[in-house]
Amino acid sequence: MLKKARIAVLVSGGGTNLQALIDAQASGIIHSGEISLVLSSKADAYALERAKKAGIDGLVVSKKDLGSQEAFESQLLAYLKQYDIDLIVLAGFMSILSESFIKAYENRILNVHPSLIPSFCGQGFYGLRVHEAALEYGVKVTGATVHFVNEIPDGGKIILQKAVAIEENDTPEILQKRVMEQAEWLLLPKATEMVSASLIKE
Ligand code: GAR
């Protein structure tokens, strides 16, 4: 039996969801797992600063530098192995992972998506684009989803969802912030604890 699930958080940008995970670990909301590694697909991601401030190892794995998806994924896998990772959390990670990568961590990869799946999700729907699409469509309610990652983009089993109201005069930026504050930053730590707890019971 594992004492705590060893968690890797994969990021590409600002890392506010990573920060929510770090804060949840500090406050004890996450207690069945520990964030052991942050992997960033971008060298200049602010998320790496957040990792450093929290004393968590942060490493860059750049597809551009490595030259191919295969080389990118084998470097990711090598680091995950080196750090003995049990659970992967995608927190604003903007690269699609192949089926063989996902199979290596079946039911051990979580993703947070800023809409109520199955709306505004799948290929091409990431970051602000998701909120632009929700506003363009004119839906009155959106939200966030945490789900397991499978071979279908945003298609894996849903773990948690929370609805967030759209208000008049919302811009994509305003809506993104509300969805983060009211949904993503709460759901991702909660789901991470739930899955970590189930892994250490295995
Ligand atoms: C978050 O809103 C996350 O849900 C979204 O990117 C943002 C990253 O922000 N992810 C996707 O759109 C994945 N399809 P962060 O770097 O501040 O956590």
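Start at 1 and go down the list; that is how both ligands and their atoms are numbered. Below, all heavy atoms of this structure are taken into account, side chains as well, without hydrogens, waters or symmetry copies. Quick caveat, the model's predicted, so the values are computed rather than measured.
Annotation: N17 places an N or O atom under 3.5 Å from an N or O atom of ligand 1; distance criterion only. In terms of polar-atom proximity, defined here as any N/O pair under 3.5 Å, N111 makes no such contact with ligand 1. In terms of N/O distances under 3.5 Å, ligand 1 is not approached by Q176. Taking any N or O of T16, backbone or side chain, at least one lies under 3.5 Å from an N or O belonging to ligand 1. Considering both main-chain and side-chain atoms, F93 never comes within under 3.5 Å of ligand 1 through any nitrogen or oxygen pair.
Annotation: E70, atom CD; neighbour count of heavy atoms from other residues, nucleotides and ligands within 6.0 Å does not exceed 12.
Using a 4.0 angstrom heavy-atom cutoff, Y46 does not count as in contact with ligand 1. Residue G15 places a heavy atom under 4.0 Å from ligand 1.
I85 has its side chain within reach of S36: a pair of non-hydrogen atoms, C-beta onward, lies under 4.5 Å apart.
Under a 4.0 Å N-O distance rule, the pair K103/E99 qualifies as a salt bridge. A salt bridge does not link E49 with K53: every distance from a Lys NZ or Arg NE/NH1/NH2 to an Asp or Glu carboxylate oxygen is 4.0 Å or more. A salt bridge between R129 and E132 is present, with a side-chain N of the basic residue lying under 4.0 Å from a carboxylate O of the acidic one.
In terms of protein heavy-atom proximity, atom 6 (O) of ligand 1 is nearest to M94 CE, 3.3 Å. Of the protein's heavy atoms, V112 O, 3.8 Å lies nearest to atom 10 (N) of ligand 1. Of the protein's non-hydrogen atoms, E184 OE1, 3.2 Å is the one closest to atom 3 (C) of ligand 1. In this structure, atom 14 (N) of ligand 1 lies nearest to the protein heavy atom H113 ND1, 3.3 Å. Protein heavy atom nearest atom 12 (O) of ligand 1, with residue, atom name and distance: G127 N, 2.8 Å. Among protein heavy atoms, atom 8 (C) of ligand 1 sits closest to G92 CA, 3.6 Å.
Between T171 atom OG1 and L128 atom CG the span is 8.5 Å, to the nearest 0.5 Å. Remark: C121 SG to Y126 OH distance equals 15.0 Å, nearest 0.5 Å.
Side-chain N/O atoms of Q69 and K63 include a donor and acceptor closer than 3.5 Å. For S12 and S41, the side-chain atoms include at least one donor-acceptor pair closer than 3.5 Å.
Atom numbering of ligand 1 starts at 1 in the shown order; those under 4.0 Å from a heavy atom of M180 are 1 (C), 2 (O), 9 (O), 17 (O). Close contacts between ligand 1 and F125 involve ligand atoms 14 (N) [criterion: under 4.0 Å to a heavy atom].
Ring planes of F120 and Y137: perpendicular class, angle over 60° (limits at 30 and 60°).
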